[in-house]
Amino acid sequence: MAKAYDVTGIEKKWQQRWAEEGTYEVDADDPRPPWYVLSMYPYPSGAAHMGHVRNYTFGDLLVRHRTMLGHAVLSPFGFDSFGLPAENAAIKTGTHPRVFTDARIVELKESITSLGAVYDWRREIRSHDPEYIRWNQVIFQRFLEAGLAYRANAPVNWCPGCQTVLANEQVLADGTCERSGDLVIKRDLEQWFLAITRYADELLADLEGLAWPERVKTMQRNWIGRSEGAEMDLVVNGRPELALRVFTTRPDTSFGMTYAVVAPEHPLLDLLTTDECRAPVEDLRARAAASSDIERLSESSSGLAKRGAFTGSSVINPFTGQPVPVYVADYVLMGYGTGAIMAVPAEDTRDWDFAQAYGLPIVRTVQPPENWDKDGGGAYTGPGDKINSGWMNGLDIPTAKARAIDWLEAEGVGERKVNYRLRDWLVSRQRFWGCPIPVVYCPQDGIVPVPKDQLPVLAPDDVEFRPTGESPLATHEGFLHTTCPTCGGPATRETDTMDTFVDSSWYFLRFTDPWTVDRPFDPDVAGHWMPVDNYIGGIEHAILHLLYARFYTKALADLGFLPAGLREPFANLFTQGMIRMDGTKMSKSKGNLVAPSKYLTTVGADALRLFHLFVGPPADDVDWSEQTDSVIDGCARYLDRVWRLAVPGDEAEERAVVPDPRSGEPTADDLEIRRATHRLIDRVSNDYHRWSYNTAVAACMEFVNLLGPYQRSGAHQEVLDEAVDTLLLLLAPMVPHVTAEAWERRHGDHIHLRTWPVADPELAREATVTMVVQVNGKVKARLEVAPDIEPSDAEARALAAPEVVAALGGAAPKRVIAKPPKMVNIVL
RNA sequence: GCCCGGGUGGCGGAAUGGCAGACGCGGUGGACUCAAAAUCCACUGUCCGAAAGGGCGUGCGGGUUCGAAUCCCGCCCCGGGCACCA
């Protein structure tokens with residue numbers, strides 16, 4: 001496409017200007033009100049792809065718009081630079097992950113700059129910077145002091161072939177190791193945890209106040225999974241000293257408990273199992289230990305029949321005093337509640353299925369609807385009155401629940417209990433390319449934090465990457481062996497590194513004050529900018545990253561790193577849609593990436609940005625198809641039209657076509673343009689406000705459709721200037737280069753330092769509006785009326801319209817609904 | 001199975017109780033040109049009709065309302081998330 005202006009030249013020129021002049025560098029002492037815009041920092045994967053373009057277009061637009069609205073806008077950028085791809089590349093090619101990563105950062109930074117996105121690059125953070133590692137480790141040690149970081153045994157994915165723990169992502173769908181193909185098994189290992197569950201209640205409650213997409217909040221709620229119920233002791237029949245503790249959310253159904261179930265890993269299983277039953281129980285336990293979660297799940301589809309075994313013992317139902325048999329089954333998970341349940345088949349679908357398979361009795365304790373059993377029956381989990389429940393009979397479920405808990409507490413056999421699905425965060429990774437966990441193990445003193453003056457603990461460079469599945473740290477003698485900071489004796493270092501989600505849990509705080517040398521950031525400076533006003537990123541981070549970052553913010557505030565009142569990091573979250581191609585997400589792994597670079601050299605960054613804004617609502621996915629290029633061309637054509645309007649006489653040909661503008665008294669047509677100008681300000685400002693950029697662009701396109709003919713037919717100089725200047729200002733955050741250049745040619749100064757225009761309500765008011773006249777809801781006439789027309793006048797004008805008279809055919813209207821100045825409906 | 005989204009021309013989408021299809025893409029015709037490109041103008045939901053005009057139309061079926069793409073009830077389809085959590 002031939003462009004009306006020098007796209008590449010102009011875009012390069014302004015990108016340099018913004019960088020050299022530090023246009024978007026701000027400091028905490030800036031007198032303007034603070035505003036913090038942040039796009040989720042990316043994993044440096046090399047040149048930017050379309051997903052980046054979309055993400056950074058929205059972020060950049062907000063930065064520029066907020067600046068024009070008079071804010072000091074903090075707009076930092078950094079890189080989530082630890083992670084698996086660099087380490088896998090090292091294993092494959094022998095290149096050190098740092099070399100590999102740094103090269104990709106340079107590439108990504110350059111390609112983001114070429115989109116015209118502006119950042120305060122003085123604040124750049126890379127997760128693998130020694131200074132970032134230092135503060136990551138300092139924070140970890142404070143967590144350790146506070147008991148928020150601890151070591152515990154955990155069942156992890158263990159690959160026998162690789163002799164290492166695997167991340168969940170490294171376990172394939174069939175339960176095998178992605179590298180060796182061995183069957184991954186569960187194994188208990190000592191690992192580091194962060195006590196996120198301590199904040200479970202606050203993490204749940206504070207979701208209420210966040211201006212986040214509802215579905216993200218729902219996903220977090222489900223993930224936290226709070227459930228209220230009761231725990232109670234079931235005394236083992238014949239062994240009064242032994243009790244099985246169970247958790248239930250339905251204490252009201254206790255009278256219907258016809259058996260109990262323990263998880264295969266339950267510590268009492270051995271004691272409960274009688275000699276006659278030992279063989280099948282052991283068999284089941286061995287199978288559960290050897291099988292992956294995936295296998296356990298896939299077995300569930302084949303029924304519950306071979307998933308349980310009778311232990312030979314029974315426990316007393318405290319409500320009925322009757323003994324019920326105890327089973328072991330793998331549908332009960334050791335990791336949730338107490339690892340044991342009371343089974344009420346009548347009111348729980350899994351218990352129902354199990355009872356059917358093992359021929360266990362079923363007693364209904366809630367009256368199901370009339371035809372329930374005729375219609376197939378099964379477990380009934382709906383509302384209803386209590387039956388077969390002794391003193392609970394006749395109560396509704398909520399009341400019965402409360403009474404049952406009261407009873408348990410009065411009898412001293414149980415109490416109210418809240419459980420969470422959320423588990424503590426396992427942060428140990430047997431990986432090299434991550435932040436080392438800064439502790440040493442001493443045979444004398446146990447776990448000892450590395451002293452502050454020895455931080456950061458950095459991984460050594462002289463390591464060899466081999467495809468053994470083991471971190472090179474674990475076998476590096478120089479790194480591994482050290483002395484205990486407490487007793488001076490020989491000790492070994494922790495060789496695990498932290499989950500990279502730790503790095504991304506506080507980077508937005510370091511951005512506020514990245515120069516501080518004696519702590520991660522100054523609490524007051526962080527408090528000045530925080531919380532982030534606009535956080536922008538992909539929906540794929542809805543749970544993990546956003547939950548961890550919220551947890552970190554709360555914990556850091558409680559530990560004095562932040563003002564105590566700062567409870568949430570991201571006031572406002574926006575999740576932009578992804579780019580799809582042939583129905584699947586566009587991604588490097590799928591090999592269906594479209595490189596932005598080809599558009600930058602032809603239509604330019606502005607046109608590409610405009611496309612992303614115009615193509616649809618920001619939250620919606622974008623389908624990249626054969627037609628997309630023509631739409632992008634359309635955006636480029638529009639920018640040409642804007643350019644010709646704003647910089648007339650640039651081409652000799654143009655001068656001949658466009659007459660010189662007039663001066664003197666403005667005509668009615670001129671006033672119509674002024675009106676359109678001021679209405680445009682309102683419309684576009686409102687669209688920016690509600691993130692409706694596609695309609696903002698449409699409004700600007702309509703406006704140019706109006707101005708083109710106006711200019712060619714002989715415009716009034718001042719009216720045209722006002723119109724074009726306004727248009728450029730409104731477009732400036734969306735298409736920063738072309739508007740900057742056009743503005744500079746017109747006024748000599750910098751458009752992005754100008755203030756956002758404000759509409760004059762007087763000028764924006766319409767002289768007349770179109771009023772629709774309907775007869776029985778069908779449009780019959782359109783009348784031009786004054787915007788403030790009285791209902792009686794509107795009615796009279798409507799009834800007098802010739803089309804209406806014809807439609808009525810002399811009949812008297814039954815009813816007339818007048819909603820001036822928009823509409824009058826005449827009902828016959 | 002459960003929980004969210006969503007379904008509007010040939011396509012992306014607009015309209016959140018009041019003119020359905022703004023704006024753009026694509027298409028058709030025209031102006032300019034020796035010609036093309038670029039640019040500009042007009043038309044473009046569908047059916048009937050030569051036209052004037054009229055019928056139909058926002059996944060399907062009901063309902064509320066003077067009036068429904070929009071609100072309510074039931075269903076169908078598509079996309080996403082969670083999935084033995086007691």
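Throughout, a chain's letter reflects where its sequence line sits, starting with A, and its residues are numbered from 1.
A50(B) is unpaired under the Watson-Crick or G-U wobble criterion, no partner having all donor-acceptor distances under 3.5 Å. Figure legend. U16(B) is base-paired to no nucleotide; pairs are counted as Watson-Crick or G-U wobble with both atom distances under 3.5 Å. Across all strands shown, G74(B) pairs with C60(B); the Watson-Crick or G-U wobble distances both stay below 3.5 Å. Across every strand in view, C34(B) sits unpaired, with no contact that passes the Watson-Crick or G-U test at under 3.5 angstrom. In this structure, A42(B) forms a base pair with U28(B), meeting either the Watson-Crick or the G-U wobble geometry with both donor-acceptor distances under 3.5 Å. For C2(B), the paired nucleotide is G81(B), the pair qualifying as Watson-Crick or G-U wobble because both relevant distances are below 3.5 Å.
Across all strands, Arg421(A) comes closer than 4.0 Å to base atoms (heavy-atom distances). Residue contacts shown for Gln774(A) include a base, since a base heavy atom lies under 4.0 Å away. Residue contacts shown for Asn705(A) are limited to sugar-phosphate atoms, with no base heavy atom under 4.0 Å away. Residue contacts shown for Arg423(A) include a base, since a base heavy atom lies under 4.0 Å away.
Between Gly708(A) and Ile543(A), the residue whose closest nucleotide on RNA chain B is further toward the 5' end is Gly708(A). Nearest-nucleotide positions on RNA chain B for Val697(A) and Ala340(A) put Val697(A) closer to the 5' end.
Of the candidate nucleotides G80(B), C25(B), G18(B), G18(B) has the atom nearest to the side chain of Met823(A). Listed candidates were A86(B), C84(B), U39(B). Nearest to the side chain of Ser227(A) is A86(B).
Rounded to a whole Å, the CZ atom of Arg644(A) is 6 Å from the P atom of U39(B). Put simply, CZ on Arg226(A) is 21 Å from P on C3(B), counting in whole angstrom units. Rounding to whole angstrom units, CD1 of residue Ile539(A) and C1' of C3(B) are separated by 14 Å.
Between the side chain of Arg782(A) and the base of C19(B), a donor-acceptor pair under 3.5 Å is found.
For Arg679(A), the salt bridge (Lys or Arg N to Asp or Glu O under 4.0 Å) partners at least two apart in sequence or on another chain are Glu766(A).
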Check your understanding: Which nucleotides of nucleotides 11-16 of chain B have their base under 4.0 Å from a protein heavy atom (B), which only their sugar-phosphate (S), and which neither (-), written as one string 5' to 3'?
Key -> SBSSS-
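Checked for salt-bridge contact, Asp623(A) and Arg580(A) meet the test: a charged N lies under 4.0 Å from a carboxylate O. Between Glu415(A) and Lys417(A), no side-chain nitrogen of the basic residue sits less than 4.0 Å from a carboxylate oxygen of the acidic one, so the salt-bridge criterion is not met. A salt bridge links Glu208(A) with Arg221(A): at least one charged nitrogen is closer than 4.0 Å to a carboxylate oxygen.
The separation of G9(B) from C47(B), taken at their P atoms, amounts to 14 Å, rounded to a whole angstrom. For the P atom pair drawn from C77(B) and C71(B), the interatomic distance equals 22 Å after rounding to whole Å. Atom name C1', nucleotides G61(B) and C66(B): the rounded distance is 24 Å, in whole Å. Only the C1' atoms considered, G13(B) is 30 Å distant from G62(B), to the nearest whole Å. Using P as the reference atom, A38(B) and G26(B) are 10 Å apart when rounded to the nearest Å. Separation of the P atoms belonging to C76(B) and G54(B) is 40 Å when rounded to the nearest angstrom.
Considering only heavy atoms from C-beta on, Leu547(A) comes within 4.5 Å of Ile224(A) through its side chain.
Counting only N and O atoms by type, the side chains of Thr249(A) and Glu228(A) include no donor and acceptor under 3.5 Å apart. There is no side-chain donor-acceptor pair under 3.5 Å between Ser227(A) and Asn419(A).
Residue Lys217(A) qualifies as enclosed at atom NZ: its count of foreign heavy atoms under 6.0 Å is above 12.
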